[in-house]
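First the structure, in the form of structure tokens, and then the observations on it.
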Amino acid sequence: MYKSISPSNYHVLHPRPVYLIVSRNKSSSLNVMAASWVSPVSDEPFLITVSIWRGSLTHQYISETREFTINIPSEKHVDIVYKAGTTSGREVDKFKLLGLKTVKSSVIETPGLDGMLGFLECTVVNQVEVGESTLFIAEVKAVHVLEELYTRYGWDLNKAKILLHHSGRGFTTPSKLILALK
Ligand SMILES: Cc1cc2nc3c(=O)[nH]c(=O)nc-3n(C[C@H](O)[C@H](O)[C@H](O)COP(=O)(O)O)c2cc1C
């Protein structure tokens, strides 16, 4: 038997990967926030979307410089991710609070985060207003991965403990690789 739940219960589409978005304003101040509403939307060119709440500092920074990095955390970063997603850069310097260090990007000015599984350099090409958020559509200009964790098939799931958000303080990580029949 199915049961009906609230049509606004978006958690039905979770768990889904969670990322740390680093953004920069025109004076080069940096901010970081957690985001799980991130998705690839085109292969060639490689375009992604990220849905960002209009009230966030990240929204203001991305609107100013039209670029950001998507950083891929692992299970060991769970507390950083939760804190980055429950505090605002309007109130606290999250880089100081969370002891975050940056790595230079190769194409854009906004840096990546040191110690993550990898990061993507993105520049905004379009945006769509959706409810209380903006869907930023961005082109991926460069991708960096920890070489020992990435194979020609993608992440080595035995080593790269990719973090997924479930609900509230709950997170999970992929537990096994399942191969479909040819
Ligand atoms: C696991 C997790 C995932 C989140 N995903 C998103 C998201 O996809 N989009 C969004 O706008 N906010 C998301 N948030 C909330 C923002 O991270 C939160 O509003 C943050 O405080 C914004 O920070 P800022 O004001 O410093 O930019 C998420 C929070 C958590 C904890």
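Order of appearance sets the numbers: ligands from 1, and atoms from 1 within every ligand. Values in this document were obtained by computation on a predicted structure and should not be read as measured data.
- If you look at ligand 1, the protein residues with a non-hydrogen atom under 4.0 Å away are Val18, Asn31, Met33, Ala34, Ala35, Ser36, Trp37, Ser51, Ile52, Trp53, Ser56, Leu57, Thr58, Ala84, Gly85, Thr87, Ser88, Gly89, Lys94, His165, Phe171.
- The hydrophobic clustering, which links ILVMFWY residues whose side-chain heavy atoms are closer than 4.5 Å, places Val41 and Leu135 together.
- Atom CD of Glu129 is surrounded by more than 12 heavy atoms from other residues, nucleotides or ligands within 6.0 Å.
- Sorted by first and then second residue, the side-chain hydrogen bond (donor to acceptor under 3.5 Å, both in side chains) pairs involving residues 88-109 (not counting sequence neighbours) are Gln60-Arg90, Ser106-Glu121.
- Evaluation of the side-chain hydrogen bond (donor to acceptor under 3.5 Å, both in side chains) test over residues 27-52, restricted to residues two or more places apart or in two chains, returns His14-Trp37, Asn31-Thr58.
- Taking Ile, Leu, Val, Met, Phe, Trp and Tyr as hydrophobic and joining them when side-chain heavy atoms fall under 4.5 Å apart, one finds Val22 in a cluster with Val18, Leu20, Leu30, Val32, Val78, Ile80, Val81, Tyr82, Val92, Phe95, Leu97, Leu98, Leu100, Leu113, Met116, Leu163, Phe171.
- Inspection of the Glu67 and Thr110 side chains reveals an N or O donor paired with an N or O acceptor under 3.5 Å.
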